[in-house]
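Remember, it's a predicted structure, so these values are computed and weren't measured experimentally. Chain naming here is simple, since letters A, B, ... match the order of the sequence lines and numbering starts at 1 in each.
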Amino acid sequence: MTAPASTIVTRFAPSPSGHLHVGGARTALLCWAFAKGRGGQFLLRIEDTDQKRSSDAASVGFLKDLKWLGIDWDQGPAYEGCGGGPNGPYFQSERLDIYDRELQRLVDAGKAYYAFDTAEELDAKRAAAKAANVAYRYDGSAMAALPKETVAAWLKEGRPAVIRFRTPHGPITITDEILGEATLPAGEVDDFVIRKADGFPTYHFAVVVDDELMGVTHVLRAQEHFNNTAKHMVLQDALGYRRPVYGHLPIIMNPDGSKMSKRDKDKVLRKTVAERGLQAPPAGTVAADRWAKWLGDKNTQLDFDEANALAAALDVALPEINVDDFRRSGYLPEVLCNFLSLNGWSPGENIEKFDNEFLKQRFDLKRVVKTPAKFDRTKLLSFNCDAVTAMPREEFVRRAGDHGRTYHAAFMGKLSPEQFRLLCDASHERSKTLDEMFRSNRFFVTPDAALVHERSKNTEKAMLGAAPNGLDHLKALLPVLEGLGAWDSPSLEAAIKAYADAHAGGQLGKAAQPLRIAVSGGTVSPPIFDTLAILGKASTLARAKACVAAFGG
RNA sequence: GGCCCCAUCGUCUAGCCCGGUUCAGGACACAUCCCUCUCACGGAUGGAACAGGGGUUCGAAUCCCCUUGGGGUCACCA
């Protein structure tokens, strides 16, 4: 398991708050592809040094999402056959003794010092800098000059203290495989905190220590970390560590250029709630006190489950941000990976449909672009549609079934296996996602008596109007269907086509559309013969009669 | 605002490193038409970009500079 010294080791190091979003997934995927395509190892480390924001549930969520995407890790938290390894623990919160040891080395060498500034003091200085329109930099001259005895005494009396790194004065040049070289002028990096008052290391410190100890050779991460690299480099120098190769990937953004965030979900929900004038939360979605807080404060965000429940109740689609959102919406993991890798990279040669194996073989840093990418869900949907429709029949039945059992249990429970197969066959070629057939075919599982025949512009146009209109045809079709012996798609097709030929001038639509409205309540369904076959004779006739009544026949 | 980075169709991108083979290629989206029992799928066709300005050069999307625009970052968050 231990990697030879020459082996490439990459890592994905998420902080377990919230869910794995597409940006993080892209980083993980590319790290994985880079290492695995070169016979190296891909390592997963959980950066839970922020006690307030980290949770075990979130950690497990990340592992689950990574697994679903097909990204396996050689070292890291143990989960479903992945993980383990000689360099653990892989949760930073379990490595405090290691950080303390390294921290002490820096303090002993005079490369780091205790600082006792209060949050209020620092906030005031930051505010002043902002008011003066200059960049804030910590001035360490007072704390760094504190006599040893004073420090010891203050520590002893329990004053809150952080440890800051004594950043050497001078310009720092970052070398990046994607962006090239960049030099930060002297003074740009101040004496930053490396251990917080709660005893936990800061991100910068933990990252540097762990990357060294875990033998990470290549650090691939998002461009928002680019400036941090300077801090990591000075730390590596001070600790006598090796320097990994860096590559900063372009950030993935919203189509409107804003940073992708879960706030976008709240935006959609707020808009819908306002449009419909909703006063109270739909039952079982959001607790009353949360609802009031959310409505009252635009900065309050619903959590994952609340947002999904509310969206389901309102029947609105939320913009997908997290990997789990895409899964719920019926996207295929292999398609998501494919599309994600195309944000910021391309294999060239006009190739854009490929699997993770191909990505592993072909991914390299030279072809990573430097510009931020706007995430185009429409194109993703098109890719997904191609992959779903290209699936073999059996595979579609299996995967749609899995999806249905996970996200549409009630729907699945109301169809027999045979009905579900027929529905799959009828829906497969028009499915852009695995979720679509469940959302657009609810009428199949609505009890006959509960089906509403809505009087809308479209339905009235199809049913009413000059004779013979849709209602007339529907009435005439009733005895035809009633007299039908075999109730399957071919028999229905033969009978209904014969009717259309004889009574509607061969225009199948004149017969099909009234039937569609009769059984679905609306104007959209799978092909009508399949639809009637799945529904069965009794339901079809009951619904047709109810429809005749609803349209005044 | 300081600092850092970037700049090809609406979007993702190819081409740029090593200037001519490109009046810039692909995909998604869009438009028109066809197919059609609805919705989709599919087929055909079309419009669509080298941010602007200076250089260098016989020649620039490709090299240099400036302007403009965009992004990142400036926490006891990662």
Side-chain angles (χ1 to χ4, degrees), chain A residues 13-17 47-50 52-54 115 117 119 122-123 126 129-130 132-138 160-164 174 176 179-180 182-185 187-190 192-198 200 202-204 206-207 222-230 248 250-251 253 255 257 259 339 342-353 366-367 369-383 385-386 389 427 429-432 436 440 458 462 493 496-497 500 507-517 520 522-529 531:
Chain A
S15 138
S17 62
E47 310 221 320
D48 53 350
T49 53
D50 185 337
K52 286 188 291 294
R53 298 205 299 181
S54 302
D117 311 270
L122 295 176
D123 285 347
R126 258 194 293 274
K130 194 172 174 66
N133 227 344
V134 297
Y136 168 76
R137 293 286 178 274
Y138 178 76
V162 300
I163 297 179
R164 284 179 181 268
I174 304 169
D176 183 284
L179 296 172
T183 300
L184 303 194
E188 196 54 30
V189 177
D190 62 9
F192 54 97
V193 174
I194 54 180
R195 191 182 75 169
K196 300 180 265 187
D198 65 5
F200 277 65
T202 60
Y203 159 73
H204 303 297
V207 136
Q223 261 176 38
E224 64 203 54
H225 287 294
F226 187 70
N227 289 293
N228 289 338
T229 308
H248 288 90
I251 290 175
M253 295 189 303
K259 216 170 167 180
F339 186 71
L342 251 15
N343 278 277
W345 178 79
S346 86
E349 300 171 44
N350 290 341
I351 299 170
E352 57 176 1
K353 297 281 181 73
K366 280 200 173 38
R367 295 190 66 87
V369 303
K370 303 175 179 180
T371 45
K374 289 170 185 154
F375 192 80
D376 184 357
R377 288 190 185 79
T378 313
K379 184 163 179 174
L380 203 216
L381 185 61
S382 167
F383 273 40
C385 174
D386 290 349
T389 54
S427 306
E429 67 175 18
R430 71 199 68 250
S431 286
K432 296 186 174 189
E436 207 168 354
S440 56
N458 284 338
E493 178 164 1
I496 295 167
K497 274 195 171 152
Q507 290 177 276
L508 185 55
K510 293 284 185 196
Q513 203 55 2
L515 281 169
R516 192 182 320 278
I517 292 168
S520 76
T523 56
V524 178
S525 85
I528 193 64
F529 315 117
T531 302

note = Any strand, both distances under 3.5 Å, Watson-Crick or G-U wobble: G1(B) pairs with C74(B)

key: Nearest-angstrom distance, C1' atom, G72(B) to G52(B)   = 24 Å

U73(B) OP1/OP2 closer than 4.0 Å to side-chain N/O of Arg137(A) = no

message = Return the pairing partner of U68(B) with a 3.5 Å limit on both distances, Watson-Crick or G-U wobble; otherwise return none.
response = A7(B)

key: Position toward the 5' end of RNA chain B (nearest nucleotide), Ala135(A) or Ala373(A)   = Ala135(A)

task = Please tell me which of Asn133(A) and Val369(A) maps to the more 5' nucleotide of RNA chain B, matching each residue to the nucleotide holding its nearest heavy atom.
result = Asn133(A)

inquiry  = With no hydrogens and no angle check, just 3.5 Å: does a side-chain donor-acceptor pair link Asp190(A) and Tyr136(A)?
reply    = no

message = If you only use heavy atoms from C-beta on, which nucleotide in G1(B), A78(B), U38(B) is closest to the side chain of Arg516(A)?
response = U38(B)

Phosphate OP1/OP2 of A78(B): any Thr49(A) side-chain N/O under 4.0 Å = yes

note = CD1 of Ile517(A) to OG1 of Thr523(A), rounded to nearest 0.5 Å, is 6.5 Å

query = What interatomic distance, in whole Å, is found between P of A7(B) and the corresponding atom of C23(B)?
reply = 23 Å

query = With a 4.5 Å heavy-atom cut-off, do Thr202(A) and Thr49(A) have their side chains touching?
reply = no

Span that lies between the C1' atom of G25(B) and that of G15(B), in whole angstrom = 8 Å

key: Distance below 4.0 Å between Lys379(A) side-chain N/O and C28(B) OP1 or OP2   = no

message = Apply the syn/anti split at 90° from 0 to C41(B) and say which one it is.
response = syn

query = Using atom C1' of each nucleotide, how far apart are A14(B) and A49(B) to the nearest Å?
reply = 13 Å

message = Does a side-chain N or O of Lys196(A) approach OP1 or OP2 of A78(B) to a distance below 4.0 Å, or not?
response = yes

query = Would Lys497(A) and Glu493(A) pass as an ion pair if we require N to O under 4.0 Å?
reply = yes

query = Considering only the C1' atoms, how many Å lie between U57(B) and A44(B), rounded to the nearest integer?
reply = 45 Å

request  = With C1' as the reference atom in both, quote the distance from C16(B) to U62(B) in angstrom, rounded to an integer.
outcome  = 4 Å

query = Has the side chain of Glu349(A) got a donor or acceptor atom sitting under 3.5 Å from an opposite partner on the base of G26(B)?
reply = no

request  = Run the numbers on Lys379(A) and Asp376(A) for salt bridge (Lys or Arg N to Asp or Glu O under 4.0 Å), then give the verdict.
outcome  = CA-CA 6 Å; Lys379(A) 184 163 179 174; Asp376(A) 184 357; over 6 Å; no

ask   = So does Arg367(A) get a side-chain nitrogen or oxygen closer than 4.0 Å to the phosphate oxygens (OP1/OP2) of U13(B)?
value = no

query = Are OP1 or OP2 of A27(B) and a side-chain N or O of Lys353(A) less than 4.0 angstrom apart?
reply = no

query = So does Ser525(A) get a side-chain nitrogen or oxygen closer than 4.0 Å to the phosphate oxygens (OP1/OP2) of U38(B)?
reply = no

query = How is Arg164(A) classified with respect to the nucleic acid when contacts are heavy atoms under 4.0 Å: base, sugar-phosphate, or nothing?
reply = sugar-phosphate

key: Counterpart base for G19(B), defined by Watson-Crick or G-U wobble contacts under 3.5 Å   = none

inquiry  = Taking any heavy-atom pair under 4.0 Å as a contact, classify Ser440(A): base, sugar-phosphate, or nothing.
reply    = nothing

query = Using the P atom in both, what is the distance from U13(B) to G53(B), to the nearest Å?
reply = 26 Å

query = Using atom C1' of each nucleotide, how far apart are A48(B) and C64(B) to the nearest Å?
reply = 31 Å

message = Quick check for you: among A40(B), C76(B), A78(B), whose closest atom lies nearest to any side-chain atom of His225(A)?
response = A78(B)

ask   = Do any N or O atoms from the side chain of Asn133(A) and from the backbone of Ala129(A) form a donor-acceptor pair under 3.5 angstrom?
value = no

task = Quick one: look up who C30(B) pairs with, Watson-Crick or G-U, both distances under 3.5 Å, and put none if it's unpaired.
result = G46(B)

Residue matched to U38(B) through Watson-Crick or wobble contacts both under 3.5 angstrom = none

query = Do Glu188(A) and Arg137(A) meet the salt-bridge criterion of a basic N to acidic O distance under 4.0 Å?
reply = yes

ask   = What about Arg53(A), does its side chain sit under 3.5 Å from the base of C77(B) through a donor-acceptor pair?
value = yes

